[in-house]
Amino acid sequence: MSRIGVFICHCGENISATVDVVKVAEEAGKHEGVAYSTDYKYMCSEPGQTIIKQMIKEKGLTGVVVAACSPRMHEPTFRKACSEAGLNPYMCEMANLREHCSWVHDKSDATTKKAIDLVRMLVEKVKFNKPLYPIKVPVTKTALVIGGGIAGIQASLDIANSGHKVVLIEKDPSIGGHMSQLSETFPTLDCSQCILTPRMVEVAQHPNITLMTYSELEKLDGFIGNFKATIRKKAKSIDEKLCTGCGLCTTKCPTKKIPSEFNAGLGFRTAIYVPFPQAVPNKPVIDKENCRYYQQGKCKVCEKVCPTGAIRFNQEDELIEIEVGAVVVATGFNVMEPSEFPEYGYGKYKDVITGLQFERLASASGPTLGEIRRPSDGKIPKKIVFIACAGSRDPAKGIPYCSKICCMYTAKHAMLYQHKVHDGKSYIFYMDIRAGGKNYEEFTRRAIVEDEVNYIRGRVSKVYEENGKLIVKGVDTLLNARPVEIEADMVVLASAAVANPGSEELAQRMHISYDAYNFFSEAHPKLKPVETNTAGIFLAGACQAPKDIPETVSQASGAAAKVAILFSQDELSREPVVAVVNRSAPPVYSTCVGCFMCATACPYQAIGEELITDRKGNVIKKVAKVNPGLCQGCGTCVAFCRSKSIDIQGYSNEQMYTEVMALLNDE
Amino acid sequence: METKNILIEVKRQTGVNIRECYQCGKCTAGCPVAEEMDLRPSVIMRMIQSGTNEEMDQILRSYTIWLCLTCETCYSRCPMDIDIPKVMDYLRQRSLVEGKVHPEARKIVAFHKSFLNTVKRNGRLSELFLTIDYKMRSLRSGTLFQDMTVAPGMISRGKLHLIPEQIKDKKGFSRLFKNQLKKRKP
Amino acid sequence: MKIGFYPGCSLTGSSREYKESILAISEKAGIELVEISDWNCCGATAAHNLNKELSVSLPARNLALAESDGIEELVVPCAACYNRLVMTQHELNEDEKLKSQIAEKLQMPLKNKLKILNVLQYLEEYFVPRLDELIKKPFEEEVACYYGCLLVRPNQVIKADRWEDPMSMDVIMQKLGAKPIDWAFKTECCGAGFSMSKTEIVGELSGKIVRNAVNQGAKAIVVACPMCHSNLDMRRPAINSYLKTKIEVPVMYITQAIALAMGMSEKEAGLQRHFVPVSFSVNC
């Protein structure tokens, strides 16, 4: 005979202002099998939990129903309380009276009635609950870090320095990411490469870090502590052990006019190339798409000149499987597509460039060696216009969000321009100056006051070319919306930060969620900013949302700390919410007929076979068997099973039907 | 009428939610006639947002609403997809009904009225009759001789018909000009 | 082949050469354009400025008449009429109640499913695939293709290709043998309906357009809208006085360029009806 306790929470006024909680408790108390029922202001509080614990002991409760908020919020809290009072934690269930009832309905009798129904359903379910015990799994103490920008670099170094192994994969030939492309960094104007390259070298030399460049994640299986990652190591067409990085091949390659990704299209590279002089590793790769040999079957100049014979034209992509316990995703961001700015003439006029391209112009390692020269004719622009929010905060262009970094880097750009071109005039069209951050506001003020950058509040409608000048048609909204026309030599667009192409597919491959703009979603916007909804996978940097370097580095260290916490344990407990194939007494042994439909349906390859034998070892029956380590409790197998032989523990068919019947058999 | 009511009224009549405007000014920046306007498009949006009866009155008496060419550049480039030309149509019609047309705009209104008048009469537009009607309406504005230099050229190129084209179903057609539909309630 | 045709008022008067040339090239291409019976004025700028209901009911009558004529596809060469007809169709489809009210007033059924083509869409669909066979003499000139407002905006409804820098007319002209120039005023406003009431504004706006075309090397400006044509051509004195110089670049309809390329004479193409003299030798 069940002795169930029902505990109704007011959730302050969240529930009690809409639902008559006293009545719900009263009605629940009348239900068959309910030994105790009460209501309380905050069930999750210490005194609230004490009531539950006391009643378990006093009334000898065999099951508990807490009617409060979502189980996502407090199920662990109440299960722990039950466990402390000696009740198996899986004998505790929650009825969601907040999200499913009080928050979505107005105060009425019907709302209270629904709350009573919800409680009754769970009471009926609990009658069929069985004690369950957590599953223990071992932890593989190696982390996979995806992406070798500053986020991935920081996370890798922190994890490695805490004594754990790291595999860092990067899709490009070198690590460094966007930060390696930047000139100077706000608000201190220290050189980006100068602070970054030591860390890149540290990554390459760290005994705990295995660096795999030109590599991408192909597949990720498994679960927290026990992932199996398949990495595609793209063919570099060189033998990395033999190559000394002398660079002779890159100087002799005849295909020289390929737009350089590192220089954001403002310079050229060869088909066999090292993206930039400080690259790590400093060894070239052959870009097959542009290589004369791969495309036309003739050339092999690099092979002829290589002093160590390191060129390997027949090298193929390798698929490497590794076992890791945690994953840090640090795949970064991209800048918005040029085709999105037809009114600004981007792509049509050579001297309309993006902020990232300006970084290359201003960088000492860039195509102009740090001199601000315009791409069309190499002249120094005497008048330069910066357009903020190019794409950002523009729902019509599909981006309602603020890209966060543009206000600061645009101020920096104008400042660098003024420092380099003393007789130049710079204008910034902006809507708001968003300079929240340590020393940020001071920085933008300095641009305005000391460096004499002209800030004009208003957006630009059109940029067009006439008589060799770029005519910028803008407005000064602080002067009664006066139209402003500037004849500029160069225009720089602070183009929006967007998710990397392929983010959506990558997220799906890892089973993590992503938002409407394809940025990866954190598990909780405030309290779990580095976790994803998939346990064991963490986020770092701009793949989650646009962010600047300090914030990226902080988040990367945060993600690394989470990995270190995970790796501090030798084994993990997992929720026992997994599928099981039933067993019964001989001569049936199990209702499973061994059709293995479940095995084909399982997305996690968690179902294998088991032979039931008699005492002599003769096989009596072949049935399905679920590996509790791999099962994620999704329930697909349950739906597929024709003989109803599989159940999810804690959510059995019996329990589900009972819940539904409790609702249908409304007195 | 208070601010809130003005916004609701504009929304009801045009379906346009002016609260969406965040004053970036792109409409004004791209407007081909912004220089000539007494109130720029983005200022009109702001005045409706924060407006009182006095501000609405100022808008209805403005030259701007008649200068707007409905070229749709503002709407096409607006980051918030605000249909400003549609709002301008609404403001013009209100200005006309309330008798608040800006003195400088009388010629423009006269032209539009002559246009509709000619269409009402014949079902199709006769450019000659439109010109005559317009000249009569705008006599005081001194436009009488303005286009005299063009007319002979038009006649010699066969572009000005002396007898207007007419439609057959005049009765059915005239129904369109009568008993205007009631302003629709939300 | 029969296709519905809505000329609109301008094409019967000040821009009759537009109508003459489109009919001429269609006939030569074996396409019969059938005028909607008893069509009326679309109401143009005046209606939507002064009277919201007329701005919908006037075009709607034409849509209903076209339906009752059994027309499924309708060519509307005048960009202003095209815009009003498409906007009305859109507005009525968005508002079922208004549609039934207007149909009631018209005392005509209105399904509102007509396929409405502007001149560029018409040419793309029916001429471009056959240009090799139709062209006798390539039109080898440097031209500025001028689209104006009404063929491309509002892009939320009209959905033109690349509305900031459309190419459809450029592509057609290129196929005729012309060299379309790259210029910045393809979709700027000419001043439209202010031709008579605010001629000085037309002088300024059209002046900027003509100036940019000439600066970029255009030998002719090609248009597809009667209002653009009359402002750029007939209002040339106002343009010249704004620019304080005499600009002689001619303005012609795209259909006239096609007529010339198809081997018709200047007169057949209606070039003599322009204010700014235009002459392109056609020998075949």
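Residue numbers start from 1 in every chain, and the chains themselves are labelled A, B, ... in the order their sequence lines are given, proteins ahead of strands.
Rounding to the nearest 0.5 angstrom, the gap separating the OG1 atom in B/Thr14 from the CD1 atom in B/Ile84 is 11.5 Å.
When only modelled atom types and interatomic distance are considered, B/Asp89 and C/His48 share a side-chain donor-acceptor pair under 3.5 Å. Neither side chain, B/Gln58 nor B/Glu54, offers a donor N or O lying under 3.5 Å from an acceptor on the other. A side-chain donor from one of C/Ser195 and C/Arg235 sits under 3.5 Å from a side-chain acceptor of the other.
Remark: C/Arg61 is not positioned above the aromatic ring of B/Phe173, lacking an NZ or CZ atom under 6.0 angstrom from the ring centre and at most 45 degrees off the axis.
Counting heavy-atom pairs under 4.5 Å between each of B/Ile108, B/Leu67, B/Leu176, B/Leu130 and chain C puts B/Leu176 at the top. Across B/Asp81, B/Leu96, B/Asp83, B/Val33, the residue that shares the most heavy-atom pairs under 4.5 angstrom with chain C is B/Asp81. Chosen from B/Cys71, B/Ser76, B/Ser114, the residue pairing most often with chain C at heavy-atom distances under 4.5 Å is B/Ser76. Interface check for chain C: of the options B/Arg157, B/Gln166, B/Glu127, the most heavy-atom pairs under 4.5 Å are formed by B/Arg157. Looking only at heavy-atom pairs under 4.5 Å with chain C, the residue among B/Arg92, B/Lys86, B/Met88 that has the most is B/Arg92.
With a 4.5 Å cut-off on non-hydrogen atoms, B/Glu104 touches chain C through its backbone and its side chain both. Interface residue B/Tyr75: backbone and side-chain heavy atoms are both found under 4.5 Å from chain C. Both the backbone and the side chain of C/Trp39 have a heavy atom closer than 4.5 Å to some heavy atom of chain B. Heavy-atom distances place no part of C/Asn83 under 4.5 Å from chain B, backbone and side chain included. C/Ile201 touches chain B through its side chain: at least one heavy atom from C-beta onward sits under 4.5 Å away, while N, CA, C and O do not. Of the two parts of C/Glu188, only the side chain, counted from C-beta on, holds a non-hydrogen atom closer than 4.5 Å to a non-hydrogen atom of chain B. Contacts between C/Leu106 and chain B at a heavy-atom distance below 4.5 Å involve backbone atoms as well as side-chain atoms.
When each of C/Glu20, C/Glu17, C/Glu266 is paired with C/Arg273, the salt bridge (Lys or Arg N to Asp or Glu O under 4.0 Å) condition holds for C/Glu20 and for no other.
Side chains of B/Tyr134 and C/Ser197 form a contact here, defined as non-hydrogen atoms less than 4.5 Å apart.
Ring centers of C/His229 and C/Tyr18: at least 6.0 Å apart, outside the cut-off.
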